[in-house]
Amino acid sequence: MNTDPRFIRSQQKLYQAIIELASETPLEAITVTAIANKADVHRSTVYEHATSAAQLLRQAIHQELDLLHTEHGINAIGDKTLESSVAEILKYLEKRESLFQQMNKGTGAEIRDILRSHFIKSLNKIFETGSIQIPETKTQIPYDALTHFTVFAITDMHVGIFAAALQMDKKYRSADVVTEMIRITSPYWIKW
């Protein structure tokens with residue numbers, strides 16, 4: 001991790017630029033030149049931080065979500081954790097709604113994948129703590145492979161639920177609705 005203050009300042013400017021650009025323009029249409037101009041840096045500075053607009057956006061969103069998780073203790077399970085986690089994530093997605101609305105459009109696969117990769121990382125942390133235990137199965141699949149399948153399945157459900165919530169009229173959209181949908185669609189053995 002580069003701790004040079006100039007690198008960090010450039011990184012933050014680039015993150016802000018890519019989020020603003022991706023909120024207005026499909027990700028695949030964003031050029032390195034556009035990012036550099038928006039961030040007021042040289043093109044070579046963009047390449048010091050990422051090889052593409054998609055990679056830069058992934059880094060920016062992951063940084064914001066990591067901070068959210070740290071501030072609110074989202075990588076846990078227990079009393080009211082799901083409700084508070086959902087509320088914070090939904091609030092974040094709504095803050096960046098014009099960006100995350102793209103998940104529901106033909107060009108939004110990359111945005112959906114960025115959110116998905118972060119959810120995978122978060123769920124893996126929860127499984128590592130032992131807060132969730134997969135019940136014994138009849139299969140001969142090793143436990144870590146079974147966990148891998150489970151994390152991916154749950155992640156895809158959760159990303160789909162948040163994407164659907166962003167399509168709802170705001171007067172019906174709430175953390176309570178999203179939380180209930182997560183509870184309804186989760187495996188019976190997960191006690192959020």
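These numbers come from a predicted model, not from an experiment. We count residues from 1, following the sequence as given.
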Do Val159 and Phe149 belong to the same hydrophobic cluster, where Ile, Leu, Val, Met, Phe, Trp and Tyr are linked whenever their side-chain heavy atoms lie under 4.5 Å apart, directly or via other members?
yes
Please confirm whether the ring centroid of Phe162 lies under 6.0 Å from the ring centroid of Phe119.
yes
What one should report as the nearest heavy-atom pair of Ala54 and Ile114 is O-CD1, 4.2 Å
Any heavy-atom pair between the side chains of Val177 and Tyr172 that's under 4.5 Å?
no
Determine, stepwise, if the pair Leu115 / Ile61 fulfils side chain to side chain contact (heavy atoms under 4.5 Å, CB included).
CA-CA 8 Å; Leu115 188 59; Ile61 291 172; 5.5 Å; no
Partner of Gln16 under side-chain hydrogen bond (donor to acceptor under 3.5 Å, both in side chains), chosen from Glu20, Gln12, Lys13
Glu20
With a 4.0 Å cut-off, would you call Arg173 and Glu97 a salt bridge?
yes
So does Ile120 get a backbone contact from the side chain of Asn124, meaning a donor-acceptor N/O pair under 3.5 Å?
yes
Do Ile141 and Ile134 belong to the same hydrophobic cluster, where Ile, Leu, Val, Met, Phe, Trp and Tyr are linked whenever their side-chain heavy atoms lie under 4.5 Å apart, directly or via other members?
yes
What I want to find out is whether Arg6 reaches Glu48 closely enough, with some N-O distance under 4.0 Å, to be called a salt bridge.
no
Taking atom types as modelled, is there a side-chain donor on His49 or Ser10 under 3.5 Å from an acceptor on the other?
no
So OG of Ser122 and CG of Asp66: to nearest 0.5 Å the spacing works out to 7.5 Å
Looking at Ile132, Ile190, Thr185, which one forms a side-chain contact (heavy atoms from CB on, under 4.5 Å) with Ile154?
Ile190
Rounded to the nearest 0.5 Å, how far does CD1 of Ile111 lie from CG of Asn104?
11.5 Å
State yes or no: do Leu67 and Leu65 share one hydrophobic cluster built from I, L, V, M, F, W and Y residues joined by side-chain heavy-atom distances below 4.5 Å, directly or via other members?
no
Shortest non-hydrogen pair, Met157 vs Ser186, comes out as CE-CA, 4.4 Å
Identify the two heavy atoms, one from Gln102 and one from Pro26, that lie closest to each other, and give their separation to 0.1 Å.
OE1-CA, 3.9 Å
Can you find a side-chain donor-acceptor pair between Arg96 and Ser23 that sits under 3.5 Å?
no
How close do Thr150 and Leu146 get, counting heavy atoms only, and between which atoms?
OG1-O, 2.8 Å
Quick one about Gln11 and Tyr15 (side-chain donor to acceptor, distance below 3.5 Å, no hydrogens or angles considered), yes or no?
yes
Provide the closest heavy-atom pair for Val178 versus Ala165 in the form atom of the first, atom of the second, distance.
CG2-CB, 3.6 Å
Do Thr129 and Lys125 have side-chain heavy atoms sitting under 4.5 Å apart?
no
To the nearest 0.5 Å, how far apart are OG1 in Thr33 and NZ in Lys38?
15.0 Å
What's the shortest heavy-atom distance between Ala60 and Ile18, and which atoms?
CB-CG2, 4.1 Å
Quick one about Gln59 and Gln63 (side-chain donor to acceptor, distance below 3.5 Å, no hydrogens or angles considered), yes or no?
no
Mind checking whether Lys121 and His118 have side chains closer than 4.5 Å, heavy atoms only?
yes
After noting the C-alpha distance and the side-chain angles of Glu83 and Arg183, does the key distance pass the side chain to side chain contact (heavy atoms under 4.5 Å, CB included) rule?
CA-CA 10 Å; Glu83 289 87 347; Arg183 281 203 166 96; 3.0 Å; yes
Check this for me: does any side-chain nitrogen of one of Glu88 and Lys91 sit under 4.0 Å from a carboxylate oxygen of the other?
yes
Flag side-chain contact, heavy atom, 4.5 Å: Leu57 against Leu21
no
Are Ile161 and Phe152 connected in a single hydrophobic cluster, I mean Ile/Leu/Val/Met/Phe/Trp/Tyr linked by side-chain heavy atoms less than 4.5 Å apart?
yes
Are Gln133 and Tyr143 close enough that some pair of their side-chain heavy atoms sits under 4.5 Å apart?
yes
